[in-house]
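Inspection log for the structure reproduced underneath, given as structure tokens.
Numbered from 1 within each chain, the chains take letters A, B, ... in sequence-line order. Atoms considered below: every heavy atom in the structure, side chains included; atoms not considered: hydrogens, waters and symmetry mates. Model, not experiment: these values are computed from the prediction.
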Amino acid sequence: MSNKFYVTTPIYYVNDKPHIGHAYTTILADVLTRYHKEVGDESFFLTGLDEHGQKVKQAAEQRDMTPLDHCNDLAPRFTELWNKLEIQNDDFIRTTQQRHIDVVTSILEKVYDNGNIYMDEYEGWYSVSEERFITETEKDSGDFRDVKKLKERNWFFRMSKYQDDLIKHIEENPDYIQPESRKNEILGFLRQPLGDLCISRPKTRMDWGIEIPFDSDYVTYVWFDALINYITGIGYLSDEKSFNKWWPNAVHLIGKDILTTHCVYWSTMLLSLRLPLPKTIFAHGWWLIKKSKMSKSLGNVISPLDLVDEYGVDSVRYYLMREMVLGQDANFTMESFIKRYNSDLANDFGNLLNRVSGLIGKYFKNCVPECEKLTEADIEVKEAAQSLSSKVKSQVEAFRVNDAIEEVLQLVRRVNKYLEVQAPWKVAKEDLNRAGTILYVATEALRISAVNLAPVMPSKTKSVLDVLGAVGTGSRWGELKSGTKLKSHEALFSRLEVDKE
RNA sequence: CGCGGGGUAGAGCAGUCAGGUAGCUCGUCAGGCUCAUAACCUGAAGGUCACUAGUUCGAAUCUAGUCCCCGCAACCA
């Protein structure tokens, strides 16, 4: 009996090339998916691109391209990065694809027929230079010049109608919005009367979007369009079986900046369509650079590609997953990257492989020794290794990926200590069988550690398993076969020099 | 008094719901080991748990208040 796991990243807005934040969410989704697969769950992982809206149009104009050409040009930057990061998404959706346009069009018709879309006049502060309406708060900030009051006729979605149902759903489903502080934020937001959502833009002002089916003078507001990708991607209105299979298990991973759109806009849209709400919306924090938000204007954007090219994909995945407490902001610094790399990956994990393979090479002609009667110390290590995957599983299910990784590293450190205390290099001189048992225990614990780190570091853990002749083995104790000849190998992670900035 | 989150060793975090010797990783210092990637192991130094008052035999943890930091306050994404 396998569970089902459907995970999404936001569809990324193609007004610029991908940065570390995009990479982070996508790696997170990939890691969660791989963990679920490992315990036998069926999974579906959707990511993609949000290609409509004003900023895409502006970005295209600046490059003297049509919006679609601009998107077609940028899309491969994302897909190539995902390949490089070993992302195994099941689908890649672009909101300019016909399948998506069809779904959005049908939904608009449906909601319109239900009487939940109406025409009204919108009045607000309009920034001439930004070519958009701004909020009261934005106006008060004084960052906008050329601000004037403007009226515009538009189509509105009766979001307000669903305010009470939404509050009820959030309160009855404590896991719906995570972490809890974000749930409180939304409940606080919903204490104010909820307005209706303007879901159209007049083509005269902004024409890059999906045309409103019942009014060809307007295109769809980009969020109304974009959010629907989560159901387009699994076959809503085109493959009922697939849709029904995945949708109730949906987990939306998002950044904290798009909390309201998902928790309020998207939820009420679904309520109006009489569709179930997703299982969980999880908002993670931001990567900060020197304590400030990463932004193009500050020139502090970290390029994930450069990092991967210099340090390898596994260490980048490891660092991002280990360093961020899910839900909180984290600081990205090269110092902490190098520290993590050296202490966790090179010194603890990689070096452990060298220790056991070196000893097995020296005393057992490179063949995994027999495991004889276990002492109390051996059993302690064995039990720690046996319980590892269930500990990891429960951490992953609670979205504590950093803690899941720490569980594995605790075992790795424990094995290093075990070797120190047992000193098989001394024992081998008097009792070779006993030394063999010690090395079997240490190597088997290392193998299980690698299996449990595989979702985070698919390549390097595969190298470890390959050396041990254990590719494809699981996390059960004893799957390491005595007599297996170890393959020769390089250092798993060579230590990095610390003088780099 | 808009709403919410937070302030714990040099750094990053756990512990706070169910009060009872303040814990983890990194860094620093000393020692051990020598199988290994100057690695690994052990030990030590370092904290008035933001502040004040209260409840209690006992408070990082509960209560009240004060100070500081951060997020949200929608229709750009």
Side-chain angles (χ1 to χ4, degrees), chain A residues 10-16 50 52-56 58 122 124 127 130-138 154 156-157 159 179-192 194-201 206 221-224 226 255-261 263-265 283 285-286 322-325 327-331 333 335-336 338-340 342-363 400 402-403 406 409-410 413 415-428 435 438-439 442 490-496:
Chain A
I11 48 175
Y12 303 115
Y13 204 58
V14 282
N15 60 344
D16 199 12
D50 180 7
H52 290 126
Q54 178 171 292
K55 289 206 173 170
V56 169
Q58 286 171 342
Y122 180 81
S127 160
E130 290 268 315
E131 296 174 42
R132 68 171 175 100
F133 284 91
I134 60 171
T135 66
E136 201 69 32
T137 319
E138 283 178 315
N154 265 307
F156 285 79
F157 163 57
M159 188 160 72
E180 197 177 358
S181 58
R182 298 297 166 196
K183 178 181 87 176
N184 292 338
E185 199 173 301
I186 290 297
L187 284 173
F189 178 85
L190 287 171
R191 267 196 280 275
Q192 314 285 334
L194 188 61
D196 288 339
L197 182 67
C198 175
I199 56 158
S200 67
R201 295 293 180 267
M206 214 296 290
Y221 169 49
V222 66
W223 267 116
F224 195 91
K256 62 181 183 180
D257 48 333
I258 52 176
L259 189 71
T260 310
T261 49
C263 297
V264 181
Y265 300 0
W286 283 336
R322 175 63 187 82
E323 197 70 11
M324 184 175 269
V325 177
Q328 301 181 24
D329 291 346
N331 281 294
T333 65
E335 290 97 311
S336 71
I338 290 169
K339 266 178 196 163
R340 279 285 170 217
N342 281 342
S343 60
D344 292 1
L345 298 179
N347 297 350
D348 288 344
F349 186 62
N351 185 43
L352 178 58
L353 175 66
N354 273 22
R355 297 183 83 178
V356 297
S357 72
L359 287 162
I360 290 173
K362 192 164 174 184
Y363 296 106
R400 290 192 291 257
N402 61 317
D403 288 331
E406 185 56 24
L409 263 287
Q410 271 176 28
R413 287 184 212 112
V415 176
N416 272 317
K417 184 190 216 164
Y418 166 81
L419 282 177
E420 194 68 27
V421 173
Q422 299 299 318
W425 51 92
K426 279 184 188 160
V427 175
I438 295 165
L439 285 173
E490 305 279 298
L492 205 55
F493 296 94
S494 307
R495 283 177 59 85
L496 301 171

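- Nucleotides B:C51 and B:U61 place their P atoms 10 Å apart, quoted to the nearest Å.
- Minimum atom distance to the side chain of A:Tyr221 is reached by B:A77, of the listed B:A74, B:C35, B:A77.
- The nucleotide B:G58 finds no pairing partner, because no Watson-Crick or G-U wobble arrangement with both distances shorter than 3.5 Å includes it.
- Taking every heavy atom of both residues into account, A:Pro424 and A:Ala435 meet most closely at O-CB, 3.8 Å.
- The side chain of A:Lys417 sits closest to B:C41 out of B:C13, B:A74, B:C41.
- A:Asp50 comes within 4.0 angstrom of sugar-phosphate atoms only, judged by non-hydrogen atoms across all strands, and of no base.
- A:Gly195 comes within 4.0 angstrom of a base, heavy atoms only.
- Residue contacts shown for A:Leu492 include a base, since a base heavy atom lies under 4.0 Å away.
- The partner of B:U48 is absent, by the rule that a Watson-Crick or G-U pair needs both atom distances under 3.5 Å.
- At a threshold of 4.0 angstrom between heavy atoms, the contacts of A:Phe189 include nucleobase atoms, whether or not backbone atoms are also involved.
- Rounded to an integer number of Å, the gap from OH of A:Tyr265 to C1' of B:A73 is 12 Å.
- The pair A:Glu323-A:Lys339 fails the salt-bridge criterion, with no side-chain N (NZ, NE, NH1 or NH2) lying under 4.0 Å from an Asp/Glu carboxylate O.
- Of all nucleotides listed (B:A74, B:G5, B:U37), B:G5 comes nearest to the side chain of A:Asn184.
- Note on A:Leu194: a base of the nucleic acid sits closer than 4.0 angstrom, heavy atoms only.
- With a cut-off of 3.5 Å on both Watson-Crick or G-U wobble distances, the partner of B:U63 is given as B:A53.
- Proximity note for A:Arg201 (side chain, C-beta onward) versus B:A74, B:C76, B:C41: the nearest is B:C76.
- The base-pairing partner of B:C40, taking Watson-Crick or G-U wobble contacts with both distances under 3.5 Å, is B:G32.
- When Watson-Crick and G-U wobble pairs are counted only if both distances are under 3.5 Å, B:A22 pairs with no nucleotide at all.
- Between B:C35 and A:Lys426, no contact under 4.0 Å exists linking OP1 or OP2 to a side-chain N or O.
- Checking B:U37, B:A74, B:C76 against every side-chain atom of A:Phe133, the shortest atom distance belongs to B:C76.
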Which pairs, protein N/O on one side and nucleotides 24-32 of chain B N/O on the other, fall under 3.5 Å?
| unit_1 | atom_1 | unit_2 | atom_2 | d |
| --- | --- | --- | --- | --- |
| B:G32 | N2 | A:Glu420 | OE2 | 3.1 |

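- Remark: B:U8 base-pairs with B:G15. Criterion, Watson-Crick or G-U wobble with two distances under 3.5 Å.
- In the set B:A14, B:A74, B:C35, the nucleotide with an atom closest to the side chain of A:Gln328 is B:A14.
- Residue A:Arg495 places its side chain closer to B:U37 than to any other of B:G71, B:U37, B:A74.
- Considering only side-chain atoms of A:Asn351, the nucleotide from B:A77, B:C35, B:C40 that sits closest is B:C40.
- Each of B:U37, B:C40, B:A74 was ranked by its minimum atom distance to the side chain of A:Ala491; first place goes to B:U37.
- For A:Leu359, the listed nucleotide lying nearest its side chain is B:C35; candidates were B:C35, B:A74, B:C41.
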